[in-house]
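Below you'll find the structure, written out as structure tokens, and then a few comments.
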Amino acid sequence: MGFPLLSLIIFTPAAGAAVLMFLRNDDAARWTALFVTVLDLALCIVMLAGFDTTTHAMQFTETRLWVPALGITYALGIDGISALFVFLTALLGGICVLASWRAIDRKVKEFMVTLLVMQTLMLGVFCALDLFLFYVFWEAMLIPMYLIIGVWGGDGRVYAAFKFFLYTLAGSLLFLIGVIVLYLHGGKTFDILALTAQDLPFRVQSWLFFAFLIAFAVKVPMVPVHTWLPDAHVQAPTAGSIILAGVLLKMGAYGFLRFSLPMLPQASVYYSPLMLGLSALAIVYGGLLALAQDDLKKLVAYSSISHMGFVTLGIFALNLRGLEGGILQMFNHGVTTGALFLFVGLIYERTHTRSIADYGGLMKVAPVYTAFLALFTLSSMALPGTNSFVGELLVLSGGFAVNLAAGAAAILGALLGAAYLLGMYGKVALGPPSIGIRFKIRDVNAREMAAILPLAVFVLWVGLYPKPFLSIIDVSVKHLLAHVHGEGSGQ
């Protein structure tokens with residue numbers, strides 16, 4: 001009906017941030033930020049309720065002239081590929097506020113403002129249908145994330161923030177060059193849908209593919225441009241780690257889905273063996289590094305590298321099962337790994353240590369905490385009945401269909417995941433009690449449960465009944481595959 005729902009979803013957090021600027025009380029800032037994120041989540045639920053799963057066309061579209069001389073428009077829209085990530089971003093926004101309720105005890109108002117601005121920019125990335133607008137949101141995200149790490153992070157926060165900023169800025173500059181080349185060769189338009197319809201020469205596609213690859217690989221992150229991630233996670237506050245794992249890592253994979261595959265189909269097919277090899281390397285390498293960690297945050301951070309390798313493996317399998325599995329696994333990873341970082345933050349608030357060796361016997365002193373930790377650990381292992389099992393099964397099926405070696409590497413990565421996750425849980429929850437630490441630990445309270453329960457619901461919902469989630473992405477994925485493979489069926 002012409003109602004600007006997506007603009008409302010994107011800019012509600014920004015409006016909330018503006019209101020927060022006039023507040024003086026820390027508790028008022030916390031409650032206002034929570035109200036704004038819950039309202040934004042409610043708008044996303046309305047969006048999903050009205051989403052038509054029978055069409056691949058962009059929905060809830062908005063178009064306004066912005067810079068007519070350059071053909072730049074304020075254009076928004078979502079399809080099955082982006083809808084889940086808009087919802088995931090809004091879901092994790094409220095959880096980040098709850099996770100920061102007591103963990104952030106200085107410059108609380110400023111932190112909540114930064115968090116809400118970050119949410120606006122992330123939502124804008126998933127909704128933008130103009131390449132210039134997309135780049136503005138994409139690039140601007142660096143600033144609030146830099147502040148979250150650099151101002152509210154740990155002792156090494158300045159180094160970690162600079163490293164994050166430099167890595168991502170370097171990738172973004174290459175992306176900018178690619179955007180300019182695409183504009184010049186694509187009919188001098190920034191319209192993403194119009195650029196998707198262009199038939200670019202293979203030489204141009206190849207050049208753009210590698211320019212985009214570096215930019216998106218840094219965000220995923222893929223080996224060898226992954227080294228910023230463990231430092232950023234270790235130093236970031238809990239909310240920063242949840243945002244990094246839950247949303248920012250998805251944006252690199254989303255870039256492949258929105259730009260590389262539809263705009264550069266020939267190059268994507270031609271270089272898919274390279275991408276499968278890099279994905280297999282990330283799966284095994286990330287798993288081996290996670291296996292060697294004693295720091296809880298580093299273990300989860302390196303596991304993210306391995307799990308995102310499954311995502312890119314599914315995407316560049318370029319078949320229906322792999323691509324649907326990769327997209328679903330992006331959503332699953334945001335839920336499960338976001339939850340694991342939340343649990344690391346909760347226990348760190350109580351003990352001020354992240355060393356696995358310092359823990360033991362938590363099941364006796366915090367049974368609710370360890371029960372939910374078990375659920376999310378099993379989800380990260382892709383146990384049947386949990387969300388990650390559905391995604392990984394589809395990825396493995398699609399991966400084995402195109403490359404046995406990549407599929408075998410994924411199986412090895414899954415085995416490594418079981419080893420480091422079970423090892424971690426065994427020491428933390430079931431091991432011998434740690435004298436001194438266990439007496440400081442209390443179980444989760446009502447506020448913390450409010451952050452945990454929504455994530456637990458999605459672990460079980462997707463794991464036991466994935467059809468609603470797959471139906472959202474199915475038609476859009478089939479259309480994308482048909483485009484990539486020419487006039488094929490996409491099956």
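Everything numeric in this text was worked out from a predicted model, so none of it was measured.
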Quick check: do Met330 and Leu257 have side-chain heavy atoms less than 4.5 Å from each other?
yes
If only atom types and distance count, is the side chain of Lys250 paired as donor or acceptor with the main-chain N or O of Ala245 below 3.5 Å?
yes
Look at the side chain of Asp40 and the backbone N and O of Leu43, then say whether any donor-acceptor pair between them is shorter than 3.5 Å.
no
Would you please test Ile315 and Met275 for side-chain contact (heavy atoms from CB on, under 4.5 Å) and show each step?
CA-CA 9 Å; Ile315 291 173; Met275 298 304 297; over 6 Å; no
Considering residues at least two apart in sequence or located in another chain, which fulfil the salt bridge (charged side-chain N to carboxylate O under 4.0 Å, His left out) criterion with Arg354?
Asp295
Between CD1 of Ile242 and OG of Ser100, what distance do you get to the nearest 0.5 Å?
7.0 Å
Among Tyr254, Phe175, Trp207, exactly one meets ring-ring contact (aromatic ring centres under 6.0 Å, His included) together with Phe212. Which residue is that?
Phe175
side-chain hydrogen bond (donor to acceptor under 3.5 Å, both in side chains) pairs, two or more places apart, involving residues 274-283:
Ser279-Thr312
If the condition is ring-ring contact (aromatic ring centres under 6.0 Å, His included), which residues does Phe316 pass it with, not counting sequence neighbours?
Phe256
Give a yes or no answer on whether the side chain of Ser306 reaches the backbone of Tyr302 with a donor-acceptor pair at less than 3.5 Å.
no
Looking at Val311, is its backbone amide N or carbonyl O close enough to the side chain of Gln329 to form a donor-acceptor pair, meaning the two atoms are under 3.5 Å apart?
no
Please check: side-chain N/O of Ser241 versus main-chain N/O of His233, any donor-acceptor pairing under 3.5 Å?
yes
Within a strict 4.5 Å, meaning less than it, do heavy atoms of the Pro262 and Leu480 side chains meet?
yes
Flag, side chain of Ser380 to backbone of Thr377, donor-acceptor distance under 3.5 Å:
no
Just by distance, do the side chain of Ser272 and the backbone of Val269 share a donor-acceptor pair under 3.5 Å?
yes
Quick check on side chain to side chain contact (heavy atoms under 4.5 Å, CB included): which of Asn332, Leu394, Val395 does Phe310 satisfy it with?
Val395
Validation row: Leu48, Ile472 side chains within 4.5 angstrom (heavy atoms)
yes
Which atom of Leu76 lies closest to which atom of Ser7, heavy atoms considered
CD1-OG, 3.4 Å
If the condition is salt bridge (charged side-chain N to carboxylate O under 4.0 Å, His left out), which residues does Lys298 pass it with, not counting sequence neighbours?
none
Ser379 and Asn387 side chains, donor-acceptor separation under 3.5 Å:
yes
Taking the six-membered ring for Trp and the full ring for Phe, Tyr or His, determine whether the centres of Tyr74 and Trp66 are under 6.0 Å apart.
no
Beyond-backbone contact of Leu208 with Phe259, side-chain heavy atoms, under 4.5 angstrom
no
I'd like a table of donor-acceptor pairs (distance under 3.5 Å, sequence neighbours excluded) in which one partner is a side-chain atom from residues 282-289, with atom names and distances.
none

Between Leu200 and Leu182, is there a side-chain heavy-atom distance shorter than 4.5 Å?
yes
Could you give me the CA-CA distance, side-chain angles and deciding distance for Thr238 and Val344, then say whether side-chain contact (heavy atoms from CB on, under 4.5 Å) is met?
CA-CA 8 Å; Thr238 300; Val344 174; over 6 Å; no
Under 3.5 Å, side chain of Arg157 to main-chain N/O of Gly154, donor-acceptor pair present?
yes
When you check the side-chain N and O atoms of Ser82 and Asp79, is any donor under 3.5 Å from an acceptor?
yes
What is the minimum heavy-atom distance between Leu276 and Ala317, and which atoms define it?
CD2-N, 3.9 Å
Determine all donor-acceptor pairs shorter than 3.5 Å in which one atom belongs to a side chain in residues 123-140; sequence neighbours excluded.
unit_1	atom_1	unit_2	atom_2	d
Asp130	OD1	Phe132	N	2.9
Asp130	OD1	Leu133	N	3.1
Asp130	OD2	Thr73	N	3.1
Asp130	OD2	Thr73	OG1	3.3
Tyr135	OH	Ser172	O	3.3
Trp138	NE1	Ser172	OG	3.2
Glu139	OE1	Ser172	OG	2.9

For the pair Gln198 and Met263, evaluate side-chain contact (heavy atoms from CB on, under 4.5 Å) and give the outcome as yes or no after the intermediate values.
CA-CA 7 Å; Gln198 296 292 324; Met263 294 182 185; over 6 Å; no
Taking Gln266 for the side chain and Gln205 for the main chain, is one N or O donor matched with an acceptor at less than 3.5 Å?
no
Is there a side-chain contact between Leu318 and Leu261, using heavy atoms and a 4.5 Å cut-off?
yes
Test log, rule side-chain contact (heavy atoms from CB on, under 4.5 Å), inputs Met424 and Gln293
CA-CA 9 Å; Met424 177 274 293; Gln293 301 306 314; over 6 Å; no
Considering all heavy atoms, the nearest Gly80-Phe51 contact
N-CZ, 3.5 Å
Just list the side-chain donor-acceptor pairs under 3.5 Å for residues 83-94, sequence neighbours left out, or say none.
unit_1	atom_1	unit_2	atom_2	d
Thr89	OG1	Phe85	O	2.7

Among side-chain atoms of Thr37 and Gln119, is any donor-acceptor pair under 3.5 angstrom?
no
Could you list the residues that satisfy salt bridge (charged side-chain N to carboxylate O under 4.0 Å, His left out) with Asp191, not counting sequence neighbours?
none
Listed partners of Phe162 passing ring-ring contact (aromatic ring centres under 6.0 Å, His included), at least two apart
Tyr146
Is it true that a side-chain atom of Thr114 and a backbone atom of Pro144 form a donor plus acceptor pair closer than 3.5 Å?
no
Pairs flagged by side-chain hydrogen bond (donor to acceptor under 3.5 Å, both in side chains) wherever residues 456-468 is involved - sequence neighbours left out:
none
Considering residues at least two apart in sequence or located in another chain, which fulfil the side-chain contact (heavy atoms from CB on, under 4.5 Å) criterion with Ala456?
Phe372, Leu375, Phe376
Using side-chain heavy atoms (C-beta onward) and a distance below 4.5 Å, is Thr120 in contact with Phe11?
yes
Let me confirm one number: the CZ-CD distance from Phe3 to Glu62, rounded to the nearest 0.5 Å.
9.0 Å
CG (Leu121) and CG (Leu116) are apart, to the nearest 0.5 Å, by 11.0 Å
Nearest-0.5 Å distance, CG of residue Leu174 to CZ of residue Phe216:
11.0 Å
Which pairs, with at least one residue in residues 262-281 and sequence neighbours excluded, count as a ring pair (Phe, Tyr, Trp, His ring centres under 6.0 Å)?
Phe202-Tyr270, Phe209-Tyr271, Phe210-Tyr271
Once rounded to the nearest 0.5 Å, what's the spacing between atom CD1 of Ile148 and atom CZ of Phe164?
9.0 Å
Find the distance between CD1 (Ile473) and NZ (Lys478) and round it off to the nearest 0.5 Å.
11.0 Å
Is Val459 close to Thr336 at the side-chain level, that is, under 4.5 Å between some pair of heavy atoms?
yes
